[in-house]
Amino acid sequence: MKSPLLSQPGAVPAEGRDEGVAAHYGDLFREQRALADGKGLVDLSHRGVLTVTGDDRLSWLHLLLTQHVSDLPVGRATEALILSANGHIEHALYLVDDGTTVWAHVEPDTQEALIAYLESMKFFYRVEVADRTDDFAVVHLPAGSIATVPDGVVVRETAHGRDLFLPRADLEAYAAGHGPLAGILAYEALRIEGHRPRLGFETDHRTIPHELGWIGSAVHLQKGCYRGQETVARVHNLGKPPRRLVFLHLDGSEVHLPVPGTPVKLAADGDEGRQLGFITTSGRHHELGPIALALVKRNVPLDAPLLAGGTAAAQETVVEP
């Protein structure tokens with residue numbers, strides 16, 4: 001779905017999974033600084049939006065999600081995962097309940113598969129699941145923003161800012177009055193800085209929540225009765241995840257950023273060394289310079305200098321080994 005904000009001056013379309021919104025509007029670092037200062041907005045209208053209504057919506061979702069949502073207070077934002085039977089991450093949902101409806105936004109083009117799964121699990125519960133992507137656009141206001149929110153618009157408020165479920169027909173008018181606009185690259189750079197994982201970027205077909213630091217924020221350890229819970233409990237109580245997420249400061253003298261999938265090796269072993277992980281996301285930060293997130297083997301020394309496709313990288317711990 002192509003955003004109407006791509007017609008704004010300076011808009012450069014994003015590619016890959018974020019196709020449909022702007023990568024930037026002509027000045028990546030200015031856009032980042034504005035967001036860091038609590039100004040402007042980010043067009044996330046390419047993300048999927050779904051709703052769950054009905055008297056059993058919270059108790060039913062509680063049985064399916066990794067998060068404790070049976071008593072979710074009205075207006076409180078949370079996030080949750082859906083796992084495979086083996087505990088691998090399949091979906092990530094960013095939720096809020098408005099008192100009658102659970103609203104969630106998800107990664108672009110994942111809502112159809114997610115809704116199909118949810119529909120298959122309805123049984124006798126009094127719930128209705130709907131794809132609202134055509135009707136509502138997600139707009140992000142950064143932490144500290146004093147932008148007004150129109151009456152009736154559902155909001156997810158977190159430490160990182162507010163996500164608005166804005167009627168899609170109102171997107172252009174709202175953006176015109178609450179700029180400056182910031183592209184997805186600015187938003188992603190701040191996400192990397194905040195060590196926040198993203199489905200399809202930090203995950204692959206075998207990722208478990210422990211590897212990314214999603215235990216606690218998206219996985220509640222004091223509840224069971226969801227698919228994959230046995231793996232979550234076993235790894236938490238008896239073992240360690242095979243990989244861990246790290247934050248990387250990259251050598252700023254390199255012109256090109258290492259792309260996702262770039263091998264990560266020990267610097268001491270050089271380019272011919274054994275691969276110990278891979279880059280998941282990289283970006284350019286307005287203060288830190290080139291940065292990245294990577295998944296590496298759990299036993300990689302915490303203080304070891306690394307190479308990301310030949311680029312020197314210093315690591316910061318996100319998930320403890």
Side-chain angles (χ1 to χ4, degrees), residues 1-8 20-22 34-35 38-62 65 67 69-80 91-112 114-115 118-119 122 125-184 187:
M1 187 173 293
K2 184 177 179 180
S3 172
L5 299 187
L6 283 172
S7 64
Q8 294 296 309
V21 295
L35 293 179
K39 300 174 183 176
L41 63 83
V42 182
D43 176 12
L44 299 179
S45 62
H46 62 318
R47 292 183 65 81
V49 175
L50 62 99
T51 58
V52 182
T53 55
D55 292 343
D56 296 336
R57 66 189 183 282
L58 291 177
S59 58
W60 176 67
L61 285 171
H62 185 77
L65 304 180
Q67 187 58 273
V69 297
S70 59
D71 302 313
L72 184 66
V74 172
R76 178 179 294 178
T78 191
E79 56 188 75
H91 293 283
L93 299 85
Y94 299 85
L95 308 162
V96 68
D97 184 80
D98 69 2
T100 62
T101 302
V102 173
W103 294 76
H105 64 80
V106 298
E107 288 296 326
D109 300 322
T110 65
Q111 67 270 19
E112 290 187 8
L114 172 57
I115 289 172
L118 294 176
E119 288 286 350
K122 286 171 64 172
Y125 289 93
R126 296 170 296 174
V127 293
E128 293 296 331
V129 183
D131 185 348
R132 305 304 303 276
T133 308
D134 288 343
D135 303 317
F136 290 89
V138 180
V139 170
H140 176 78
L141 302 176
S145 171
I146 60 173
T148 57
V149 177
D151 292 341
V153 170
V154 177
V155 179
R156 273 190 84 250
E157 185 161 4
T158 72
H160 313 298
R162 290 176 288 169
D163 297 334
L164 279 55
F165 293 89
L166 191 72
R168 193 170 287 275
D170 299 341
L171 178 57
E172 283 188 278
Y174 186 80
H178 297 83
L181 293 172
I184 194 70
Y187 180 83

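Note: hydrogens, waters and symmetry copies are ignored here, and every other heavy atom, side chains too, is used. A quick note: this is a predicted structure, and the numbers were derived from the prediction, not measured.
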Give every donor-acceptor pair under 3.5 Å between a side-chain atom in residues 163-177 and any protein atom, sequence neighbours left out.
from: Asp163; atom 1: OD1; to: His140; atom 2: ND1; distance (Å): 2.9
from: Asp163; atom 1: OD2; to: His105; atom 2: NE2; distance (Å): 2.9
from: Asp163; atom 1: OD2; to: Arg156; atom 2: NH1; distance (Å): 3.1
from: Arg168; atom 1: NE; to: Thr133; atom 2: O; distance (Å): 3.0
from: Arg168; atom 1: NH1; to: Ser45; atom 2: O; distance (Å): 3.4
from: Arg168; atom 1: NH2; to: Ser45; atom 2: O; distance (Å): 3.0
from: Arg168; atom 1: NH2; to: Thr133; atom 2: O; distance (Å): 2.8
from: Arg168; atom 1: NH2; to: Phe136; atom 2: O; distance (Å): 3.1
from: Tyr174; atom 1: OH; to: Thr148; atom 2: O; distance (Å): 2.6

Kindly give the heavy-atom pair with the smallest separation between [X] and [Y], and that separation in Å.
X      : Y      : value
Val96  : Val155 : CG2-O, 3.7 Å
Gly38  : Pro142 : C-CG, 3.6 Å
Thr158 : Ala77  : CG2-CB, 3.9 Å
Ala92  : Val106 : O-CG1, 3.6 Å
Ala147 : Ser145 : N-OG, 3.1 Å
Leu95  : Ala80  : CD1-CB, 4.1 Å

Side-chain heavy atoms of [X] within contact of [Y], under 4.5 Å:
X      : Y      : answer
Leu72  : Thr78  : yes
Tyr125 : Arg57  : no
Leu44  : Arg47  : yes
Trp60  : Arg126 : no
Val149 : Arg162 : yes

Interatomic spacing from [atom1] in [X] to [atom2] in [Y] - rounded to 0.5 Å:
X      : Y      : atom1 : atom2 : result
Gln111 : Leu114 : CD    : CG    : 8.5 Å
Ile146 : Leu141 : CD1   : CG    : 11.0 Å
Asp131 : Thr51  : CG    : OG1   : 8.5 Å

Verify the neighbour count for atom NZ of Lys2: are there more than 12 heavy atoms of other residues, nucleotides or ligands below 6.0 Å?
no

Do other residues, nucleotides or ligands put more than 12 heavy atoms under 6.0 Å from Glu128 CD?
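Atom CD in Glu128 is not packed in, count stays at 12 or less.
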
Measure from the side-chain N and O atoms of His46 to the backbone N and O of Val21, and report whether any donor-acceptor pair falls under 3.5 Å.
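Checking the backbone N and O of Val21 against the side chain of His46, no donor-acceptor pair under 3.5 Å is found.
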
Is a side-chain donor or acceptor of Thr101 paired with a backbone partner of Trp103 at a separation under 3.5 angstrom?
no

When Leu61 is tested against each of Val102, Asp97, Val129, Asp56 for side-chain contact (heavy atoms from CB on, under 4.5 Å), which residue passes?
Val102

